[in-house]
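Scroll down for the structure; my scribbles are underneath it.
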Protein chains: 2
Amino acid sequence: MNDTGESAKKKIKRASTERTAQRDPERTRAAILEAATREFAENGMGGARVDAIAERAGTNKRMLYHYFGDKEQLYLRVLEEAYVGIRTAERALNIGTRNPEDAIGELALFTWRYFLQHPEFLSLLGTENLHRARWLRQSVRLKELHSHLIGELSEVLEEGKKAGVFSETADPLNVYLTIASLGYFYLSNQYTLSTIFGRDLITPDNLDAWERHIVHVTLASIKR
Amino acid sequence: MNDTGESAKKKIKRASTERTAQRDPERTRAAILEAATREFAENGMGGARVDAIAERAGTNKRMLYHYFGDKEQLYLRVLEEAYVGIRTAERALNIGTRNPEDAIGELALFTWRYFLQHPEFLSLLGTENLHRARWLRQSVRLKELHSHLIGELSEVLEEGKKAGVFSETADPLNVYLTIASLGYFYLSNQYTLSTIFGRDLITPDNLDAWERHIVHVTLASIKR
DNA sequence: CCATCAAGTAACTGTTTAGTTACCGGCACG
DNA sequence: CGTGCCGGTAACTAAACAGTTACTTGATGG
């Protein structure tokens, strides 16, 4: 109830003390979030089951509703965390410090490899778009998260134009959409593509080839 | 039961006779298929409701189960029809009759515009990939439908290589995946993209710009 | 050692869902 | 004329579902 210095002190003491592990609210919360990420990624919003999330998290529905309100709020939380994940890792690249051509190549490589290592992120995007960004639109946390990317990319392109290596028509959003398109489609649609074309797209050789293809196409599209 | 000349004659008579319109099996069947296409496209496999499909089709569940067996078989039928639709239209392009550069440009334009005019096809692909092509894999009708595309594309590329306009490394599957990637991602992810980048991707100006971009990128990636 | 309070459990509820069954009505044919 | 068949209706059922409520457990502070 009250958050006096006394109780705060006790909380710190509790948090740093080895406990029986039967109770661990933060752990439970994190477990629910992770379980929900997997469940929503595998089954979509309509197909995900609240009971399944609770079971995967090793807890029960009572805790899920206690920490997250309801299914929709939990889903939004999962989606927000997924975006924070990729944008944070992207920012750490610091593409602005490289020469323009390398910077674009690095961003393409990073994006492809992130998609490859985080299939659940691609699934969540697919689900959210199926619903026309119904939940993402309600998010208040994500408005500023993405502007940094376009800003940095814009600077890199300007630098390249001045140096005479990039075409004057190169546009930052177009460049990012090109990189993301080539990575997203190949991975998210790998199952139908492999089926209809009778060729397993996910073998190491094919993945390597497509990685090189993405870098090649991206640079070919903006070089003078 | 039996399909003698007599009963066949009667069927023809029935089909050509103006009836009370209370009964029309083919119409009902087609209405169910069309309603199911929309329902599955809008809500995915998990989110689609059999009652909603029946209502949209102006009929009821009894007929749906009568014609299509169950929800899963109906879904597969919808998916198969969607693939037949795009591959049939694609074949009519006859890209083999054009000069190589125009042929690739035409294929890119066609694919983009088909995606633009058939959002339900993109949604169905998304849903099917979410489930790792679980139903498509079971389809026996679709094995040969797609080989024609790659064959024709392969011929065009060979012709272009001989003429010296295309790079020797250009690969037919890669070219198609490039075209499809750029169209698919832009449209299927337009909702989250427009939200996070604060720019409406679906305005006529932006659509035109992206159409030109796809053709430009595709050709830039294979030109010598 | 007892009172308190939050973490966690499990059984329950009202609703929705896929799939079924019992029935209706008109048409073709004997 | 009446019998069987087929397109179509609507009410039903069993299971699954999201969300709730009554309860247990165990740590902590007095």
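Quick note on labels: first sequence line is chain A, next is B, and so on, each numbered from 1. FYI, side chains are in, hydrogens and waters are out, and symmetry mates aren't considered; it's all heavy atoms of this structure.
In this structure, the side chain of B:Asn60 does not engage the main chain of B:Ala54 through any donor-acceptor pair within 3.5 Å.
One side chain, B:Asn129 or A:Thr192, offers a donor N or O that lies under 3.5 Å from an acceptor on the other. Looking only at atom types and distance, the side chain of B:Glu80 has a donor-acceptor partner in the side chain of B:Ser139 under 3.5 Å away.
Rounded to the nearest 0.5 Å, atoms NE2 (A:His66) and CD1 (A:Ile32) are 10.0 Å apart. One distance of note links CD1 of B:Ile214 with OG1 of B:Thr178; it measures 11.0 Å at 0.5 Å rounding.
OP1 or OP2 of D:dG8 sits under 4.0 Å from a side-chain N or O of B:Thr28.
Residues from residues 127-135 of chain B lying near DNA chain C, meaning a heavy-atom separation below 4.0 Å, are absent. Taking every heavy atom of residues 47-74 of chain B and every atom of DNA chain D, pairs under 4.0 Å involve B:Thr59, B:Asn60, B:Arg62, B:Met63, B:His66, B:Tyr67, by number.
Counting non-hydrogen atoms of neighbouring residues, nucleotides and ligands closer than 6.0 angstrom, the CZ atom of B:Arg87 exceeds 12 such neighbours.
Computed from coordinates, the B:Glu39 CD to C:dA18 C1' distance equals 13 Å when rounded to whole Å.
Residue pairs satisfying the ring pair (Phe, Tyr, Trp, His ring centres under 6.0 Å) criterion with at least one member in residues 123-149 of chain B, sequence neighbours excluded, are listed as follows: B:Tyr75-B:Trp135, B:Tyr83-B:His146, B:His131-B:Trp135.
Taking a cutoff of 4.0 Å between a charged side-chain nitrogen and a carboxylate oxygen, A:Arg49 and A:Glu55 do not qualify as a salt bridge.
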